[in-house]
2 protein chains.
Amino acid sequence: MGKKSELLPGTLDMLILKTLTRGALHGYGIALSIKRLSDDVLTVEEGSLYPALQRLLLQGWVKGEWKMTETNRRARFYTLTAAGRKQLSLELSQFEQMIAAIGRVLQDA
Amino acid sequence: MGKKSELLPGTLDMLILKTLTRGALHGYGIALSIKRLSDDVLTVEEGSLYPALQRLLLQGWVKGEWKMTETNRRARFYTLTAAGRKQLSLELSQFEQMIAAIGRVLQDA
DNA sequence: GGGCCATATATAGATTATCTATGGGTAGAG
DNA sequence: CTCTACCCATAGATAATCTATATATGGCCC
């Protein structure tokens, strides 16, 4: 019958940026963090995550740096840039405005 | 710079179905209703609306009937089917679950 | 040493949903 | 007789997600 998306389309970049406000993380860690914070409701598939990170790099909203993890593995750690913080705040306010608007449409009466 | 979508992707079908719980409407009327209830935040473009209505017809979630409007124009009026009501309730609960999950990720701390 | 799981990155291709742009057409007001 | 609001619809572009696949390593168990 067609499975629903694991994510609300259009929210992934915002979720990634927000996750990075808590500190630098590699891609895998970002996905885990979102999954856990959302109580397993939101699952970021690899095929969505890495292209999204490339987009964010290209836009200059995050920067990436290859390092070793605690478990001694090679991984690329992402940090928010100043532009990324600005973008996050923009996306947050647009998102909240939309959710409020949808809420008005979904109200009874 | 690239304009953002006028709609949160993935919510259009739900918005249309919900709008039809208030009574039968033609496509144009649905778009107006969503725009007005949302205080002009949500704009359903024609190129999104009519394909969406075709999808809903195909799924059996709405049925359409050609009639005359109050202003004496030919228009297709859509009504929710029983399956459509069921689908709406499903989409509403999934949406609320997702919004709650996103809310948890967006929380500070 | 061999097998497996969790960790980690990345790309190709398909799918879906939206948008932009365009086309047709009618009623009523001025 | 022209303009605006009303009404439907499709083609093609764009964007964001998914599925599937490929690669590779560290640590654990046997």
Side-chain angles (χ1 to χ4, degrees), chain A residues 1-17 24-36 41-59 62 64-78 91 94-95 98 102, chain B residues 1-17 24-36 41-59 62 64-78 91 94-95 98 102:
Chain A
M1 212 43 295
K3 266 191 58 184
K4 295 291 285 195
S5 166
E6 302 289 349
L7 230 50
L8 196 52
T11 62
L12 179 56
D13 292 6
M14 179 179 72
L15 292 172
I16 293 175
L17 293 175
L25 272 178
H26 47 73
Y28 190 76
I30 292 169
L32 276 185
S33 173
I34 290 174
K35 192 177 177 65
R36 285 173 184 160
V41 174
L42 306 175
T43 301
V44 184
E45 306 291 342
E46 299 171 329
S48 309
L49 176 66
Y50 293 103
L53 288 169
Q54 299 296 335
R55 284 198 301 271
L56 298 179
L57 277 172
L58 251 166
Q59 298 287 145
V62 300
E65 208 183 342
W66 286 97
K67 287 191 188 172
M68 285 298 161
T69 65
E70 292 172 2
T71 54
N72 210 33
R73 275 186 194 79
R74 220 176 112 269
R76 202 170 182 179
F77 284 79
Y78 297 89
E91 292 198 20
Q94 287 177 346
F95 177 73
M98 277 224 174
I102 291 173
Chain B
M1 234 345 350
K3 265 191 57 183
K4 296 290 287 196
S5 166
E6 302 289 351
L7 229 49
L8 195 53
T11 62
L12 178 56
D13 292 6
M14 179 179 72
L15 291 172
I16 293 175
L17 293 175
L25 273 178
H26 47 73
Y28 189 79
I30 292 169
L32 275 186
S33 173
I34 291 174
K35 192 177 178 64
R36 285 172 183 161
V41 174
L42 306 175
T43 302
V44 184
E45 307 291 340
E46 297 172 329
S48 310
L49 176 65
Y50 292 104
L53 288 169
Q54 299 297 333
R55 284 198 302 273
L56 298 179
L57 277 172
L58 251 166
Q59 300 285 144
V62 301
E65 209 183 343
W66 285 98
K67 288 190 188 173
M68 285 298 161
T69 66
E70 292 171 4
T71 53
N72 210 34
R73 274 185 194 80
R74 220 175 111 270
R76 202 169 180 181
F77 284 79
Y78 296 89
E91 292 197 18
Q94 287 176 346
F95 178 73
M98 279 224 171
I102 291 172

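Lettering follows sequence order; numbering is per chain, from 1.
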Notebook entry, point to check: Between dC7(D) atom P and L53(B) atom CG, what is the distance in whole Å?
Noted result: 14 Å
Next item on the list: Indicate the atoms forming the closest heavy-atom contact of G27(A) with L49(A), along with that distance.
Entry: O-CD2, 3.3 Å
Notebook entry, point to check: Contact class for L49(A) (heavy atom, under 4.0 Å): base, sugar-phosphate, or nothing?
Noted result: nothing
Notebook entry, point to check: From R76(A) CZ over to R74(A) CZ, what is the distance, rounded to the nearest 0.5 angstrom?
Noted result: 9.5 Å
Next item on the list: Mind calculating the distance between CG (L25(A)) and C1' (dT9(C)) to the nearest angstrom?
Entry: 15 Å
Margin query: Is it the case that dA9(D) (base atoms only) and Q54(B) (side chain only) share a donor and an acceptor within less than 3.5 Å, ignoring hydrogens and angles?
Written below: no
Next item on the list: To the nearest Å, give me how far apart CE (M14(B)) and C1' (dA17(C)) are.
Entry: 14 Å
Checklist line | OP1 or OP2 of dC19(C) under 4.0 Å from side-chain N/O of S48(B) | finding: yes
Checklist line | Closest listed nucleotide, where the reference is the side chain of W66(A) and the choices are dC8(D), dA8(C), dA10(C) | finding: dA10(C)
Notebook entry, point to check: Atom CD of E46(A) to atom P of dA24(D): distance rounded to whole Å?
Noted result: 16 Å
Notebook entry, point to check: Heavy atoms under 4.0 Å, any strand shown: does G47(B) hit a base, just sugar-phosphate, or nothing?
Noted result: base
Distances under 3.5 Å only, N/O to N/O: pair up the protein atoms with those of nucleotides 26-30 of chain C.
{"residue": "dT26(C)", "atom": "O2", "partner": "R73(B)", "partner atom": "NE", "Å": "3.3"}
{"residue": "dA27(C)", "atom": "O4'", "partner": "R73(B)", "partner atom": "NH2", "Å": "3.4"}
{"residue": "dA27(C)", "atom": "N3", "partner": "R73(B)", "partner atom": "NH2", "Å": "3.4"}

Check: Atom CD1 of I16(A) and atom CZ of R55(A): how far apart are they, to the nearest 0.5 Å?
Finding: 7.5 Å
Next item on the list: Report the distance from atom NZ of K35(B) to atom P of dC7(D), rounded to the nearest whole Å.
Entry: 16 Å
Note to self: Let me spell it out: for each of P9(B) and R76(A), pick the nucleotide of DNA chain C with the closest heavy atom. Which residue's pick is nearer the 5' end?
What the structure shows: R76(A)
Item checked: Gap between atom OG1 of T69(B) and atom OH of Y28(B) - 0.5 Å precision -> 11.5 Å
Item checked: Reported CE-to-CG distance for the pair M14(B) and L17(B), which is rounded to 0.5 angstrom -> 9.5 Å
Margin query: Once rounded to the nearest 0.5 Å, what's the spacing between atom CD1 of I30(B) and atom OH of Y78(B)?
Written below: 7.0 Å
Margin query: Starting the side chain at C-beta, find the nucleotide from dC7(D), dC19(C), dT17(D) nearest to L7(A).
Written below: dT17(D)
Check: Between atom CE of M98(A) and atom CD of E6(B), what is the distance when rounded to the nearest 0.5 Å?
Finding: 6.5 Å
Check: I34(A) has an atom CD1; how far is it from atom P of dT17(D), in whole Å?
Finding: 11 Å
Next item on the list: Calculate the interatomic distance between Y50(B) atom OH and dA21(C) atom C1'; express it in whole Å.
Entry: 16 Å
Item checked: Separation of dA15(D) P from R55(A) CZ (nearest whole Å) -> 10 Å
Next item on the list: Ignoring the backbone of Y28(B), work out which of dC6(D), dA8(C), dC19(C) is nearest its side chain.
Entry: dC6(D)
